[in-house]
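Below is one structure; the comments refer to it alone.
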2 protein chains.
Amino acid sequence: MITYIFVTNRLLKIMRRDVFQAIADPVRREIIELLADETLTVNTVAQKFDVSRPAISKHLKILKECGIITINKQGRERFCHIQPKNLIPAFLWIEQYRNLWEDRLDSFENYLTKLQTKNKKNE
Amino acid sequence: MITYIFVTNRLLKIMRRDVFQAIADPVRREIIELLADETLTVNTVAQKFDVSRPAISKHLKILKECGIITINKQGRERFCHIQPKNLIPAFLWIEQYRNLWEDRLDSFENYLTKLQTKNKKNE
DNA sequence: AAATTGCGTAACCGAATGATTACATATATA
DNA sequence: TATATATGTAATCATTCGGTTACGCAATTT
């Protein structure tokens with residue numbers, strides 16, 4: 001959803017939906033997965049799900065609004081293209097904790113190794 | 001996400017929260033950021049936000065339910081620890097598109113390089 | 001020209017979400 | 001023991017979400 005506000009005589013466009021919200025829904029994640037492989041029309045996407053076409057239309061609108069896909073008109077069909085670079089912000093946010101979980105896994109492995117060494121000594 | 005399961009002839013509604021939902025909310029993301037740096041009590045977390053303590057309590061409960069934090073009782077205080085490895089599924093999901101966006105960025109760079117070369121030839 | 005197709009959107013609905021206030025309970029302190 | 005503190009939770013509320021059906025419109029087919 002896009003909102004417009006006035007700030008000191010200027011019309012500002014506010015993106016209330018972000019990529020985190022976009023990928024929160026499992027249907028939208030599946031749509032992203034589909035479009036990562038190939039460009040599809042709105043109907044083709046809709047046919048791959050149990051929900052109605054308007055429901056898919058809404059999901060596509062949300063994905064479009066936060067830049068994850070673009071929709072190109074061609075005749076009466078709309079082709080949905082993925083714009084993978086707009087997943088980068090979400091990726092970077094999670095990635096900042098990568099060292100954290102890798103450290104913890106390391107220390108867990110160390111713990112296991114020590115445990116095994118200890119057990120061997122006791123044999 | 002809602003799941004239904006049958007347990008002894010009874011249809012049970014299961015609210016399975018996943019990590020994507022957990023990080024969809026900006027307050028919860030901020031909480032994660034705080035706890036990545038240090039372990040904090042529930043009250044200490046709440047004091048860093050404008051919303052009420054019960055609201056933070058709920059957010060913490062959600063984070064706990066999907067394994068991103070653990071809460072340890074110590075006296076009358078509860079200490080919240082981050083469990084960063086439970087962010088890995090979300091990380092992996094996004095990361096599978098990494099080559100996709102890197103390819104696109106590459107081809108964009110190539111395009112720019114070619115453009116520059118072309119321009120140089122024309123000089 | 002008439003019918004079909006592809007798609008967006010409005011109107012509506014039930015459930016989920018995120019917030020609040022009020023209260024309960026366990027622990028620490030005076 | 002009485003009070004203060006840390007926290008969880010129930011009740012409630014407005015808003016958002018994800019779905020549906022019904023409809024409209026432009027483009028293609030017949």
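Labels below follow one simple rule: chain letters A, B, ... track the order of the sequence lines, proteins then strands, and each chain is numbered from 1.
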Comparing nearest nucleotides in DNA chain D, the 5'-proximal residue of the pair A/Gln74, A/Ala24 is A/Ala24
Please determine, for the side chain of [X], which listed nucleotide ([options]) has the closest atom?
X       : options                : value
A/Arg78 : C/dG8, D/dT7, D/dG19   : C/dG8
A/Val42 : C/dG8, D/dT21, D/dT9   : C/dG8
A/Ile62 : D/dG18, C/dT21, C/dG6  : D/dG18
B/Pro54 : D/dT7, C/dT20, D/dG18  : C/dT20
A/Lys73 : D/dA26, C/dG8, C/dT21  : D/dA26
B/Val51 : D/dA27, C/dT20, C/dC7  : C/dT20
B/His59 : C/dA19, D/dG19, D/dT21 : C/dA19
B/Arg53 : D/dT7, D/dG19, D/dT21  : D/dT7
B/Ser57 : C/dC7, D/dG8, C/dT9    : D/dG8

So, under a plain 3.5 Å distance rule, would you say the side chain of A/Arg76 forms a donor-acceptor pair with the base of C/dT5? yes
Do you see a donor-acceptor pair shorter than 3.5 Å between the side chains of B/Thr41 and B/Glu77? no
Distance flag, aromatic centroids of B/Phe20 and A/Phe20, threshold under 6.0 Å: no
At what distance, to the nearest 0.5 angstrom, does CD1 of A/Ile32 lie from NE2 of A/His59? 11.5 Å
Rounded interatomic separation in angstrom, taking [atom1] from [X] and [atom2] from [N]:
X       : N      : atom1 : atom2 : answer
B/Asp25 : C/dG18 : CG    : P     : 5 Å
B/Leu60 : D/dA6  : CG    : P     : 15 Å
A/Lys58 : D/dG19 : NZ    : P     : 9 Å
A/Ile56 : D/dC17 : CD1   : P     : 17 Å
B/Asn72 : D/dA6  : CG    : P     : 18 Å
B/Asn43 : D/dA6  : CG    : C1'   : 5 Å
A/Phe20 : C/dT17 : CZ    : C1'   : 19 Å
A/Glu30 : D/dG18 : CD    : P     : 14 Å

Does D/dT20 have OP1 or OP2 sitting under 4.0 Å from an N or O in the side chain of A/Ser52? yes
Is the shortest heavy-atom distance from the side chain of A/Val42 to the side chain of A/Ser57 under 4.5 Å? yes
Answer yes if B/Ile62 and B/Val19 sit in the same cluster of Ile, Leu, Val, Met, Phe, Trp and Tyr residues linked by side chain heavy atoms under 4.5 Å apart, and no otherwise. no
